[in-house]
*Asks:* 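I have a structure I would like to understand better, so I am pasting it below and will then ask my questions one at a time.
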Amino acid sequence: MPPKTCALCENAKAILKRPKTGQQICKDCFFHVFETEVHNTITQANLFARGDRVAIGASGGKDSTVLAYVLKTLNERYHYGLHLFLLSIDEGITGYRDDSLETVKRNQQQYDMPLKILSYDELYGWTMDRIVSQIGKKNNCTFCGVFRRQALDRGAAVLNVDHIVTGHNADDIAETVLMNIMRGDIARLGRCTSIVTQGEDTIKRSKPFKYAYEKEIVMYAYFKKLDYFSTECIYSPDAYRGHARTFLKDLEAARPSAIVDIIHSGEAFEIREEIKATQKIQQTCKRCGYMSSNDLCKACTLLEGLERGMASSGITDRARKKLDAEGPLPENLRTIPFYQPPSGNPNPTITIES
Amino acid sequence: MTTISLRIEFGGGLELLFSNEKRHTLTLPSMVSFDNNSKISADALSGVNLKPADVEYLVFYLRDHLLQERPELFIEGKTVRPGILVLINDTDWELEGEGEYVLQNNDEIVFISTLHGG
């Protein structure tokens, strides 16, 4: 095949075929369209306000590294006026998280941003390794995801930020839509395509890479020679998401636009009124004050199960009933500290590693 | 029999399947068996249907000679597993004909996996 010229600048050699559009473009045009599309996503959704303090959920992986790089670039190029921070969560997974945290520390130097690391051990008293040794390899993603969500909010509260951004990309969101359909999770299906999520007592959270293809993020990192960590979580081979991911990759191979099309379908879903009426209203957890659909938030429920040696009580109804039958929470059991959402105080209350 | 020298690079965690080595150099014959059989000896080749060595052949060659474990994480059918990106001389292989691209001497082929956490 003869070398093609870039469809956009018609000058340089094309090095990439965009899955989203099928266009064949050169390296510089690729950088430009990728960055500009993220900028458009941000401005069209009105994600930020001048002076916002923004925490980037940073794992050291490809999405969060590229996100930190691109946000820093756009912040400077378009004068968003944002204060950017890196926020990292240490779940305590040996051989995975400890290595990726080294990458985040390098990112901190490379992008010149303050970094805060919060660990499951200090927050909950349990590392993921310890949790998996207790509950086995099924449902451990539930624990990790629930604990991480709270951990990010708490870390952000400590940094006193207005906003958390995560590197979820188009592939991730399309997988989530498929997973929620496969599991009949209507409540999540209605929420999972929102680019911004905000509760009364939680920090605004958004996904600037919502429409960015994973392939393009990887290519961007490769051509820009960005430093990232790339190994699968050692517990992920058993994860349910794997089914959705494999299916999605096959769909993408046949028809690349499938990914944004699935997101579009997800956005267009409307939940029937009679189903909506049965959905639980949001309240706050009676034990730790975090947002919850029930009296106790999921994290407190999971932690109680772990502490009382009945870990699956957070997962199955039968185990929950068994736990309740045992009586109320013993006095000396570890619980999660009470959650204080940021009060809008401009002075951070904790020193940041820099 | 002419040979082709190639530089291979693995990224995104794929190197773990290839002795944890990101960079490899190999030499391939310029004409290979049509059915991607890389274990056939040089003298037996003349009796077999041949094609110029292409990327499709390279993928089979890597599986048969360099891959240490779990072939299903690298190859699926006659091509790489979906989610693995291939660059030929820093260009998306989709622009170069994918598996049908005929390898040239001193080409650099990069395989990057996207299948891990971000």
Side-chain angles (χ1 to χ4, degrees), chain A residues 1-4 13-19 22 24-27 30 57-67 93 96-97 100 166-169 171-172 209 213-219 221-223 228-233 236-237 239 242 245-254 256, chain B residues 7-23 52 54-56 59 69-104 107-118:
Chain A
M1 253 190 204
K4 295 204 164 47
K13 178 186 169 218
I15 50 97
L16 169 75
K17 184 173 175 191
R18 296 198 76 193
Q24 301 173 354
I25 57 178
C26 71
K27 195 190 290 191
F30 169 54
S59 62
K62 60 189 185 341
D63 303 310
S64 49
T65 300
V66 175
L67 180 63
I93 302 176
Y96 174 67
R97 192 49 80 207
S100 74
T166 52
H168 291 90
N169 58 47
D171 297 52
D172 294 327
F209 279 172
Y213 271 59
E214 192 166 58
K215 170 182 171 179
E216 297 198 356
I217 292 174
V218 173
M219 293 293 228
Y222 177 78
F223 286 120
Y228 68 88
F229 180 73
S230 53
T231 307
E232 280 195 86
C233 172
S236 70
R245 174 169 288 180
T246 309
F247 182 47
L248 190 73
K249 282 293 150 194
D250 289 336
L251 290 176
E252 187 192 6
Chain B
R7 291 165 296 152
I8 310 293
E9 198 179 303
F10 296 110
L14 261 188
E15 63 272 20
L16 294 172
L17 303 178
F18 293 92
S19 326
N20 215 1
E21 261 308 319
K22 283 199 166 157
R23 289 191 173 76
D54 54 13
V55 172
E56 179 184 285
V59 171
E69 55 176 316
R70 319 229 19 219
E72 72 279 9
L73 294 185
F74 179 61
I75 190 172
E76 192 174 286
K78 282 176 139 191
T79 184
V80 290
R81 182 182 176 210
I84 296 180
L85 304 180
V86 186
L87 290 161
I88 301 171
N89 300 325
D90 259 12
T91 303
D92 188 352
W93 79 330
E94 289 189 47
L95 296 182
E96 301 283 15
E98 297 191 23
E100 288 172 14
Y101 171 84
V102 171
L103 297 164
Q104 313 283 318
D107 272 350
E108 184 190 50
I109 321 287
V110 180
F111 295 90
I112 312 176
S113 173
T114 64
L115 303 162
H116 51 79

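Because the structure is a prediction, the values reported are computed rather than measured. Here is the naming used below: chain letters follow the sequence lines, and residue numbers restart at 1 for every chain.
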*Asks:* Could you name each residue pair satisfying salt bridge (Lys or Arg N to Asp or Glu O under 4.0 Å) that touches residues 71-82 of chain B, not counting sequence neighbours?
*Replies:* B:Arg70-B:Glu72
*Asks:* Just jot down the side-chain hydrogen bond (donor to acceptor under 3.5 Å, both in side chains) partners of A:Ser100, sequence neighbours excluded, or say none.
*Replies:* A:Arg97
*Asks:* Parallel, tilted or perpendicular, judged at 30° and 60°: which one describes the rings of B:Phe74 and B:Phe18?
*Replies:* perpendicular
*Asks:* For chain B, which of A:Lys27, A:His168, A:Lys249 has the most heavy-atom pairs under 4.5 Å?
*Replies:* A:Lys249
*Asks:* Test of understanding: with side-chain hydrogen bond (donor to acceptor under 3.5 Å, both in side chains), list the residues that count as partners of A:Gln24, not counting sequence neighbours.
*Replies:* none
*Asks:* Before accepting this row, confirm whether a basic side-chain N of the pair B:Lys22/B:Glu9 lies closer than 4.0 Å to the acidic partner's carboxylate O.
*Replies:* no
*Asks:* Checking an interface table here. Which of residues 83-92 of chain B come within a heavy-atom distance under 4.5 Å of chain A?
*Replies:* B:Gly83, B:Leu85, B:Leu87, B:Asp90, B:Thr91, B:Asp92
*Asks:* Looking at A:Arg18, A:Glu252, A:Met219, which one forms a side-chain contact (heavy atoms from CB on, under 4.5 Å) with A:Tyr213?
*Replies:* A:Glu252
*Asks:* Do B:Phe111 and B:Val59 have side chains that get closer than 4.5 Å, going by heavy atoms?
*Replies:* yes
*Asks:* What part of B:Val110 lies closer than 4.5 angstrom to a heavy atom of chain A: side chain, backbone, both or neither?
*Replies:* side chain
